[in-house]
S.K.: 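Below are the structure tokens for one structure; questions will follow.
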Amino acid sequence: MATPNPAYLWLNGEFTAWDDATVHVSEIAWAGIGAVFEGIRGYWNAEQEELYVFRLREHMERLHRSMKLVRLPIDFSVDELIDATNELLKRNDCREDTYIFPLAYVHDSYNARHSSQLKTELQILTRAMPTHLNTGMTMTGRISSWRRISEDVMPPRVKNIANYRNGQLARSEAMLDGYDTAILLNTQGKVAEAPGACVMFVRDGKLITPDLTSSVLESITRDALIVMARQTLGLEVEERSVDRTELYLADEVFLCGTAAEISPVVSVDKLTVGNGETGPVTRKLERLFEDVLRGATPDYAEWRTPVGLRSAVTA
Ligand SMILES: Cc1ncc(COP(=O)(O)O)c(C=O)c1O
């Protein structure tokens, strides 16, 4: 069922009615190629009547890094973007799990191709997006025939929209072949990422993930899970280059990311991972992660931005 559009979005500093935020059709191609974005989630805590946005500051800081890398002028500070997001979530009365999508691109991008004076358009959208954490959802994966983009072609560590064609090609190949997701190797033949998500696995009680020079996005979820695995679960964590056969022999494999959250992978190239179900470490991390995201535990409070929806109602 189609979800209704929110009442407002934020566009270049103004809260704008959804239907009034239009651009000319000629902008579509070039604006998209040059765009960078963020994907952020807010989690609704029904008991506390509060929406908690996960690591909002870190996401806006990464948006700034992405903009810097593609040389987009930055007109709004991280604090201004945080305030805009909170106010937008209030105005749209987002009392459910919500995806927040800031997007920055070149104004009048066709004509700006040959200009050194770029002007940035910046928008923030919100959309309902339910969680699949702790629902029992699992995935099958295949190693893609597509390689992950490398540093000498495109910048994998930032959220450059054009990078996402790489993951789309891999995902559609995997799905046509009957798998749920792809896992891409980098140009060195080591494990990089899945489309829109990082890869983690457990072997002999250790949590292992490709390091940040393996052609992966500088993922905020990956960073959070590493911290929680070490601090709360007392696990040893290794960030290093990873062979594909390590995934075949792993006890547990999962994907992680803002959209992927924690997505257990129960087979890779039709080789069963562990006993073919979500493994015990993944389950523990999934439970802990959801508690942290929803503010069901006081731990890691510094990662949560409460939007203030409860006070918005009672005010
Ligand atoms: C290519 C790619 N890798 C990894 C991730 C995970 O990053 P994050 O945890 O910051 O969402 C994402 C975004 O979700 C992504 O688009």
Side-chain angles (χ1 to χ4, degrees), residues 132-148 150 156-157 167 170-171 174 177 179-292 300:
H132 60 253
L133 279 170
N134 298 302
T135 59
M137 188 278 290
T138 59
M139 305 183 100
T140 58
R142 68 160 282 183
I143 303 293
S144 183
S145 73
W146 295 95
R147 291 291 169 109
R148 174 74 175 144
S150 61
R157 70 181 64 250
R171 175 183 281 126
D177 285 349
Y179 300 84
D180 300 316
T181 190
I183 294 171
L184 291 92
L185 306 181
N186 60 26
T187 45
Q188 287 77 44
K190 302 291 183 178
V191 175
E193 291 190 316
C198 289
V199 179
M200 292 192 165
F201 68 100
V202 179
R203 191 164 179 203
D204 299 330
K206 228 186 271 174
L207 186 66
I208 303 164
T209 190
D211 62 56
L212 291 178
T213 58
S214 293
S215 298
V216 301
L217 180 76
E218 292 182 346
S219 156
I220 291 163
T221 314
R222 173 190 177 281
D223 175 76
L225 294 181
I226 289 173
V227 171
M228 289 189 292
R230 284 191 177 129
Q231 285 183 11
T232 306
L233 304 186
L235 293 177
E236 195 180 325
V237 181
E238 277 183 7
E239 297 175 69
R240 60 167 172 79
S241 110
V242 169
D243 290 330
R244 71 191 285 174
T245 51
E246 291 187 273
L247 299 183
Y248 296 153
L249 300 179
D251 303 318
E252 305 180 32
V253 177
F254 61 89
L255 309 184
C256 70
T258 299
E261 300 176 311
I262 291 176
S263 299
V265 176
V266 292
S267 72
V268 180
D269 288 344
K270 298 195 194 290
L271 288 164
T272 303
V273 175
N275 65 3
E277 292 170 4
T278 303
V281 173
T282 312
R283 242 185 294 119
K284 263 194 225 161
L285 259 179
E286 236 184 304
R287 279 198 290 262
L288 172 63
F289 192 36
E290 185 161 14
D291 284 351
V292 169
Y300 304 105

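Just the heavy atoms: all of them, side chains too, but no hydrogens, waters or symmetry mates, feed the values below. None of these values were measured; they are calculated from a predicted model. By convention here, the first residue in the shown sequence is residue 1.
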S.K.: Give a yes or no answer on whether the side chain of Glu252 reaches the backbone of Val281 with a donor-acceptor pair at less than 3.5 Å.
M.R.: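 Here the side-chain-to-backbone pair exists.
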S.K.: Would a distance-only check, ignoring hydrogens and angles, find a side-chain to backbone donor-acceptor pair under 3.5 Å from Asp211 to Thr213?
M.R.: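 Side chain of Asp211 to backbone of Thr213: a pair is present.
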S.K.: Show the numbers, then the answer: is there a side-chain contact (heavy atoms from CB on, under 4.5 Å) between Ile183 and Arg244?
M.R.: CA-CA 9 Å; Ile183 294 171; Arg244 71 191 285 174; over 6 Å; no
S.K.: Contact between Met137 and Ser263 at the side-chain level, heavy atoms closer than 4.5 Å - yes or no?
M.R.: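 A side-chain contact exists here, since the closest heavy-atom pair is under 4.5 Å.
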S.K.: Report the distance from atom CG of Leu249 to atom CG of Leu271, rounding to the nearest 0.5 Å.
M.R.: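 Atom-to-atom, Leu249:CG and Leu271:CG are 8.0 Å apart.
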S.K.: Please report the closest heavy-atom contact between Ala170 and Ala182, naming both atoms and the distance.
M.R.: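 Of all heavy-atom pairs spanning Ala170 and Ala182, the closest is O-CB, 3.5 Å.
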S.K.: State, yes or no, whether a side-chain contact exists between Leu207 and Phe254 at a heavy-atom distance under 4.5 Å.
M.R.: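 Yes; the side chains approach each other to less than 4.5 Å.
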S.K.: Assess whether a salt bridge exists between Glu246 and Arg240, defined as any Lys/Arg side-chain N lying under 4.0 Å from an Asp/Glu carboxylate O.
M.R.: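 Here Glu246 pairs with Arg240 in a salt bridge, since their nearest N and O are under 4.0 Å apart.
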S.K.: Would you say the side-chain atoms of Glu261 pair up with the backbone N or O of His132, donor to acceptor, closer than 3.5 Å?
M.R.: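 Side chain of Glu261 to backbone of His132: a pair is present.
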S.K.: Taking the side chain as every heavy atom from C-beta outward, state whether Leu217 and Arg222 have any atom pair closer than 4.5 Å.
M.R.: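 Result no, sub-4.5 Å side-chain heavy-atom pair not found.
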S.K.: So which atom in Leu285 and which in Ala229 form the shortest heavy-atom distance, rounded to 0.1 Å?
M.R.: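 Scanning both residues completely, I find the closest heavy atoms to be CD2-N, 4.5 Å.
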S.K.: Whether the side chain of Asp269 engages the backbone of Ile143 through a donor-acceptor N/O pair (distance < 3.5 Å, no angle test) should be reported.
M.R.: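 Indeed, once roles are kept as given, a pair shorter than 3.5 Å links the two residues.
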S.K.: Nearest 0.5 angstrom please: Glu238 CD to Ile208 CD1, how far?
M.R.: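 The distance works out to 5.0 Å.
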S.K.: Just how far is it from atom OG1 of Thr135 to atom CD of Glu286, taken to the nearest 0.5 Å?
M.R.: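 Nearest 0.5 Å value for the OG1-CD distance: 7.0 Å.
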S.K.: Could you check if a side-chain atom of Pro156 sits within less than 4.5 angstrom of a side-chain atom of Arg148, using non-hydrogen atoms only?
M.R.: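 With C-beta onward as the side chain, the pair touches.
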S.K.: Quick one: pull up CG in Leu184 and CZ in Arg147 and give me the separation to the nearest 0.5 Å.
M.R.: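 Answer for the CG-CZ pair, Leu184 versus Arg147, is 9.5 Å.
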S.K.: Would Thr232 and Lys284 count as a side-chain contact (heavy atoms from CB on, under 4.5 Å) if you check the C-alpha gap in whole Å, the side-chain angles of each, and the deciding distance to 0.1 Å?
M.R.: CA-CA 10 Å; Thr232 306; Lys284 263 194 225 161; over 6 Å; no
S.K.: Could you go step by step and tell me if Val273 and Phe201 meet the side-chain contact (heavy atoms from CB on, under 4.5 Å) rule?
M.R.: CA-CA 10 Å; Val273 175; Phe201 68 100; over 6 Å; no
S.K.: Distance from Ser267 atom OG to Arg142 atom CZ, nearest 0.5 Å?
M.R.: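 If we round to the nearest 0.5 Å, Ser267:OG and Arg142:CZ are 12.5 Å apart.
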S.K.: Quick check: closest heavy atoms across Val265 and Gly141, and the distance to 0.1 Å?
M.R.: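 In terms of heavy atoms, the two residues are closest at CG1-N, 4.1 Å.
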S.K.: When you measure from the side chain of Thr140 to the backbone N and O of Asp180, does any donor-acceptor pair fall under 3.5 Å?
M.R.: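 Answer holds: yes.
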S.K.: Pick from Thr221, Ile262, Val199: which one makes a side chain to side chain contact (heavy atoms under 4.5 Å, CB included) with Leu255?
M.R.: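 Among Thr221, Ile262, Val199, the one that satisfies the side chain to side chain contact (heavy atoms under 4.5 Å, CB included) with Leu255 is Val199.
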S.K.: Output, in order, the C-alpha distance, side-chain angles, deciding distance and verdict of side-chain contact (heavy atoms from CB on, under 4.5 Å) for Asp251 and Asp204.
M.R.: CA-CA 7 Å; Asp251 303 318; Asp204 299 330; 4.3 Å; yes
S.K.: Would you give the length of the straight line joining atom NZ of Lys190 to atom OG of Ser215, rounded to the nearest 0.5 angstrom?
M.R.: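 The NZ atom of Lys190 sits 13.0 Å away from the OG atom of Ser215.
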S.K.: Between Pro210 and Val242, which heavy-atom pair has the shortest distance, and what is it?
M.R.: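 Shortest heavy-atom separation between Pro210 and Val242 comes out as N-CG2, 3.9 Å.
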S.K.: Pairing donors with acceptors under 3.5 angstrom, does anything connect the side chains of Asp243 and Thr245?
M.R.: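 Their side chains do not contain a donor-acceptor pair, so the 3.5 Å distance test is not met.
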S.K.: Would you mind reporting whether Pro195 and Thr181 have side-chain heavy atoms less than 4.5 Å apart?
M.R.: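 SC-SC contact between Thr181 and Pro195 confirmed.
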